[in-house]
Amino acid sequence: MIKAVKGTRDLLPPATVAWNRVEAVARAVFRAYNYHEIRTPILEETQLFARGVGADTDIVTKEMYTFVDRDETSLTLRPENTASVIRAYIEHRLDQRPGVQKLYYIGPMFRRERPQKGRYRQFFQIGAEALGSESPAVDAEVIELVVELLSRAGLSGFQLLINSVGDANCRPQYVERLRQELKSVAHAMCGDCQRRADTNPLRVLDCKVEADQPIIDKLPHITDCLCDPCRAHFDTVKNYLADRGIAYEVRPRLVRGLDYYMRTTFEVVHGSLGAQNSVLGGGRYDGLAESLGSKVHSPGIGFSIGEDRLVMSVEDAQAAEPLDLVIAPLGEPALRHAAVLARDLRRGGLSVELAEGKLKRAMELANKLGARFTLILGEEEMAAGRYALKDMASGEQRQVTREELAARFGGN
RNA sequence: GUGGGCGUAGCACAGUUGGUAGUGCGCCAGAUUGUGGUUCUGGAUGUCGUGGGUUCGAAUCCCACCGCCCACCCCA
């Protein structure tokens with residue numbers, strides 16, 4: 001028996017109702033903030049992610065679905081979408097369009113990790129990018145947007161974490177300082193940290209081992225080591241958030257895993273998600289376009305929401321989508337009449353199911369599908385030019401004419 | 001890549017010290033030749049994850065493999 005491949009899953013009704021709801025909310029919020037949808041290919045040249053995401057990130061070194069195409073080019077299933085959006089932005093010269101380019105996307109991403117709660121090999125992201133501005137006002141608006149979106153999607157009890165990771169000027173200095181300080185204390189830390197102290201000192205800050213926490217607490221905070229422009233930018237973002245009454249927590253130890261982030265980074269976490277408690281991650285990436293070959297400076301900031309995780313933590317009672325009417329024709333002439341009637345009512349916006357066979361079967365089906373009404377069309381009704389309309393909740397049944405039906409439900 | 005837990009009907013599960021399978025829900029039919037929900041009666045469905053071993057006999061004991069879940073790691 002062939003089954004869905006590891007880490008992928010089928011989303012069946014009625015679960016898909018919740019997904020559509022979340023996506024509808026997202027589209028409405030994006031519209032309010034003047035974001036427009038972009039759809040990029042799921043397949044890209046491997047080079048794009050190697051350069052865009054960072055050659056020695058976990059994503060690129062061990063999590064990509066990469067294969068060689070028949071013409072020998074190396075292709076990869078997108079592990080994230082920011083690099084693709086920037087590629088499209090450069091390729092189609094969107095920097096020439098007026099104003100900040102605000103783009104959003106909804107779609108599947110692929111990473112070959114070991115699946116667990118809230119982590120899949122094919123997962124869905126709802127994300128957005130604001131391109132062409134370094135202004136902290138844009139940072140604040142983007143963060144406002146995500147808070148708005150999550151709230152309107154029905155998420156409550158989430159926590160917004162923000163940080164600034166500096167820029168090409170001050171971050172390398174901070175990393176070097178961290179590396180130096182770790183030399184004297186790393187020997188007392190967990191095995192992973194000893195390794196990270198050398199390879200990727202920023203990761204040490206993310207360590208969750210209890211015994212390491214006192215040591216980590218004594219390490220310098222990046223927020224204390226920012227250069228003046230970065231400090232000013234971060235302070236302004238925080239002021240703008242305060243103006244909006246948005247609650248946030250500065251987490252100097254918040255380091256995001258992708259190489260391209262600089263200055264503002266943020267994350268939203270939520271309890272009910274298991275170990276993978278991050279619903280959303282984002283940040284600024286002012287140097288990314290250039291590193292992908294752009295000749296013009298194209299600063300930007302973006303985020304992506306883990307749709308699987310958002311749906312998981314928002315999910316309440318999954319009610320199936322309601323059905324308005326079941327038509328139960330008895331006999332061939334009635335069936336032919338009913339089919340035309342069904343089409344007209346559907347054109348009028350009604351959801352209609354046509355049930356062939358015995359009346360008893362049709363009634364049972366109507367009940368199981370949760371239909372509000374059943375319309376019976378048998379010999380008696382055909383002869384009289386009427387229909388028997390039954391209200392399934394009350395059990396009440398009465399004869400109606402075609403005109404009365406149209407008046408009630410539309411669809412002449 | 002590394003650990004732990006779990007695989008029995010469509011779903012949720014039970015199955016005693018080894019004696020070749022049950023319960024609930026769901027599904028189908030009937031009680032009702034044109035009326036659902038409640039009730040009653042009847043029915044179908046299992047390579048007991050797969051393969052091998054021990055045994056007169058394995059869902060049960062042993063070994064290997066596969067799958068799912070959770071965790072590490074990392075991130076959405």
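In what follows, every chain begins at residue 1, and chains take the letters A, B, ... in the order their sequences are listed. From a predicted model like this one, the values you see are computed outputs, not experimental measurements.
OP1 or OP2 of B/G30 has at least one side-chain nitrogen or oxygen of A/Lys358 nearer than 4.0 Å. Between A/Arg9 and B/C68 there is no side-chain N or O to OP1 or OP2 distance below 4.0 Å. Taking 4.0 angstrom as the limit, A/Arg119 places none of its side-chain polar atoms (N or O) nearer than this to OP1 or OP2 of B/C69. Residue A/Lys360 has no polar side-chain atom (N or O) positioned under 4.0 Å from OP1 or OP2 of B/U32. The side chain of A/Lys368 contributes an N or O atom lying less than 4.0 Å from OP1 or OP2 of B/C28. Regarding contacts with the backbone of B/U35, every side-chain N or O of A/Gln397 stays at 4.0 angstrom or more from both OP1 and OP2. In this structure, A/Lys62 does not reach the B/C73 phosphate: none of its side-chain N or O atoms is under 4.0 Å from OP1 or OP2.
Taking atom NZ of residue A/Lys117 and atom P of nucleotide B/C6, one finds them 19 Å apart after rounding to whole Å. The separation between A/Arg112 atom CZ and B/C74 atom P is 19 Å, rounded to whole Å. Atom C1' of nucleotide B/G10 and atom CG of A/Leu12 are separated by 13 Å, given to the nearest angstrom. When the P atom of B/G36 is taken as reference, atom CZ of A/Arg361 falls 13 Å away, rounded to whole Å. Taking atom CD1 of residue A/Ile327 and atom P of nucleotide B/G36, one finds them 20 Å apart after rounding to whole Å. Whole-Å rounding puts the A/Glu396 CD to B/G37 C1' distance at 16 Å. The nearest whole Å value for the distance from the CD atom in A/Glu23 to the P atom in B/A76 is 19 Å. In this structure, A/Glu364 places its CD atom 7 Å from P of B/C28, rounding to the nearest Å.
A/Ala393 comes within contact range of at least one nucleobase, with a heavy-atom separation under 4.0 Å. A/Gln122 comes within 4.0 angstrom of no nucleic acid atom, judged by non-hydrogen atoms across all strands.
A/His297 and A/Glu134 share a side-chain donor-acceptor pair at under 3.5 Å. Between the side chains of A/Tyr33 and A/Glu144, a donor-acceptor pair is found at a separation under 3.5 Å. Checking A/Glu307 against A/Gln125 by side-chain atom types alone, no donor-acceptor pair falls below 3.5 Å. In summary, the side chains of A/Asn163 and A/Thr265 do not present any donor paired with an acceptor at a separation below 3.5 Å, with no hydrogens or angles considered. Side-chain contact check for A/Glu45 and A/Ser74: no donor-acceptor pair (N or O, by modelled atom type) lies under 3.5 Å.
The gap from the C1' atom of B/G3 to that of B/A9 amounts to 33 Å, rounded to the nearest Å. B/A59 and B/U41: their P atoms are spaced 32 Å apart (whole Å). A distance of about 14 Å separates the C1' atoms of B/G46 and B/G15, rounded to the whole Å. Taking the C1' atoms as reference points, B/G53 lies 25 Å from B/G5, given to the whole Å. Nucleotides B/G51 and B/G67 place their C1' atoms 15 Å apart, quoted to the nearest Å. For the C1' atoms, the distance linking B/G4 with B/C73 amounts to 15 Å, nearest Å. Rounded to whole Å, the C1' atom of B/G26 lies 25 Å from the corresponding atom of B/C69. Taking atom P on both B/C72 and B/C25, the two are 39 Å apart, rounded to the nearest angstrom.
Contact between A/Pro115 and A/Arg121 at its shortest, heavy atoms only, is CD-NE, 4.2 Å.
Of the listed nucleotides (B/C72, B/C74, B/G36), B/C72 has the atom at the smallest distance from the side chain of A/Arg114. Listed nucleotides: B/G36, B/A71, B/A29. Nearest to the side chain of A/Ala275: B/A71. Candidate nucleotides B/C75, B/A76, B/G34 were compared by shortest atom distance to the side chain of A/Glu113, and B/A76 ranks first. Distances from the side chain of A/Glu63 to the nucleotides B/G34, B/A76, B/C74 place B/C74 closest.
For B/G19, the paired nucleotide is B/C56, the pair qualifying as Watson-Crick or G-U wobble because both relevant distances are below 3.5 Å. In this structure B/G24 sits in a base pair with B/C11, meeting the Watson-Crick or G-U test at under 3.5 Å. For B/A76, there is no paired base (Watson-Crick or G-U wobble, both distances below 3.5 Å). Across all strands shown, the partner of B/C68 is B/G5, judged by Watson-Crick or G-U wobble contacts whose two distances both fall under 3.5 Å. When both pairing distances are held under 3.5 Å, B/C40 makes a Watson-Crick or G-U pair with B/G30.
If A/Phe123 and A/Ala4 are placed on RNA chain B by their nearest nucleotide, the residue sitting closer to the 5' end is A/Ala4. RNA chain B is contacted by both A/Leu365 and A/Arg111; A/Leu365 maps to the nucleotide lying nearer its 5′ end (nearest heavy atom per residue).
Under the 6.0 Å distance and 45° angle rule, A/Arg263 does not count as a cation-pi partner of A/Phe234.
Within the 4.5 Å cutoff, no side-chain heavy atoms of A/Arg284 are placed close to those of A/Ser164.
In terms of polar N and O atoms assigned as donor or acceptor, the side chain of A/Gln116 comes within less than 3.5 Å of the base of B/C73 in a complementary pairing. Put simply, the side chain of A/Arg309 and the base of B/C75 share a donor and an acceptor less than 3.5 Å apart. For B/A71, the base has no donor-acceptor partner in the side chain of A/Gln276 [N/O atoms by modelled type, under 3.5 angstrom]. Taking 3.5 Å as the limit, the base of B/G37 and the side chain of A/Asn367 contain no donor-acceptor pair of atoms between them. On a pure distance criterion of 3.5 Å, a polar donor-acceptor pair joins the side chain of A/Lys390 and the base of B/G36.
Put simply, the side chain of A/Thr61 gets close to the backbone of A/Thr57: a donor and an acceptor are under 3.5 Å apart.
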